[in-house]
Amino acid sequence: MGNVFKALSDPTRRQVLQLLKQRPMTAGDLADQFDVTKPTMSAHFAVLLAADLIQAEKQGRTITYRLKMSVLEEALLGFSAAFGLQLTNPGGDDVARTTTGEDA
Amino acid sequence: MTTAHPTNTRAEIPRALLLAALLLGAVLAVKHLPPDYLSPDVARRILAVLPGVPALYYANAVPKYLGPFLGGRCDPAAEQALRRFVGWTLTLGSLGYVAASAFAPWSVANDLAAGLLGAAVLVVFTRLALLFAGRRHA
């Protein structure tokens with residue numbers, strides 16, 4: 001459950017999940033929605049995959065991400081989005097360490 | 001390639017066994033604890049709530065672990081929306097079952113609980129029936 005809280009603590013990742021609630025999307029389509037570099041987006045995807053909140057399907061060179069959230073996890077996402085909860089984790093955010101100081 | 005890991009399925013078996021053990025343990029505890037520790041009313045409520053626990057557990061997991069059940073013959077967005085609808089409906093129905101069993105006046109608790117969960121199941125089956133009827137005519 002710690003991975004889930006960590007994944008939901010970041011507004012970009014929450015927005016990725018909100019987009020995936022509408023339909024499965026490719027990594028490129030998702031990256032186009034955000035003003036961040038591809039390595040940053042990849043790091044965000046990695047956190048979401050580690051938390052088992054999304055699922056990746058690779059077809060050729062295209063990776064399609066699908067939502068993989070239980071009802072409870074979706075409710076947590078809704079609460080954190082509605083009330084702006086900043087669910088912090090003591091170890092900090094891996095994305096912040098792996099990228100060069102941009103949105104994380 | 002998919003990241004859906006087979007250990008998810010394997011991990012579910014110990015979880016299901018643990019849930020079964022907890023349910024059986026709760027039943028045995030209610031049956032054998034002396035009335036000093038557990039009043040008859042609380043014991044009755046616990047036994048009424050127990051069937052709703054696995055329903056709630058599995059309904060919560062529906063959108064996460066139920067694979068594509070239309071075999072890829074459906075728009076992925078529509079299929080995902082259907083899975084979320086089924087999960088949310090059954091979860092709310094199960095929550096209603098548990099809440100009614102735990103807190104409603106005893107004279108109506110059983111009927112209310114069964115009615116709430118039954119209504120959720122009926123809504124899900126109606127939606128699925130409409131979907132398949134629509135696909136047959138399409």
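Note that this is a predicted model, so its numbers are computed, not measured. Each chain gets a letter, A, B and so on, in the order its sequence line appears, and its residues count up from 1.
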Smallest separation among heavy atoms of Ala120(B) and Gly93(B), with atom names: CB-CA, 3.7 Å
Between Arg13(A) and Ala7(A) (side chain of the first, backbone of the second, donor and acceptor by atom type, cut-off under 3.5 Å), is there such a pair? yes
Part of Ile63(A) lying under 4.5 Å from any heavy atom of chain B: neither
For each of Leu90(B), Leu92(B), Thr91(B), Asn60(B), tally heavy-atom pairs with chain A at distances under 4.5 Å, and name the one with the top tally. Asn60(B)
What option among Glu74(A), Gln22(A), Glu73(A) has the most heavy-atom pairs under 4.5 Å with chain B? Glu74(A)
Check whether Arg45(B) reaches the backbone of Ser101(B) with its side chain - one donor and one acceptor, N or O, closer than 3.5 Å. yes
Greatest number of non-hydrogen atom pairs under 4.5 angstrom with chain A, of Ala59(B), Pro63(B), Ala61(B), falls to Pro63(B)
Met25(A) and Leu30(A): which non-hydrogen atoms are nearest, and at how many Å? SD-CD2, 3.7 Å
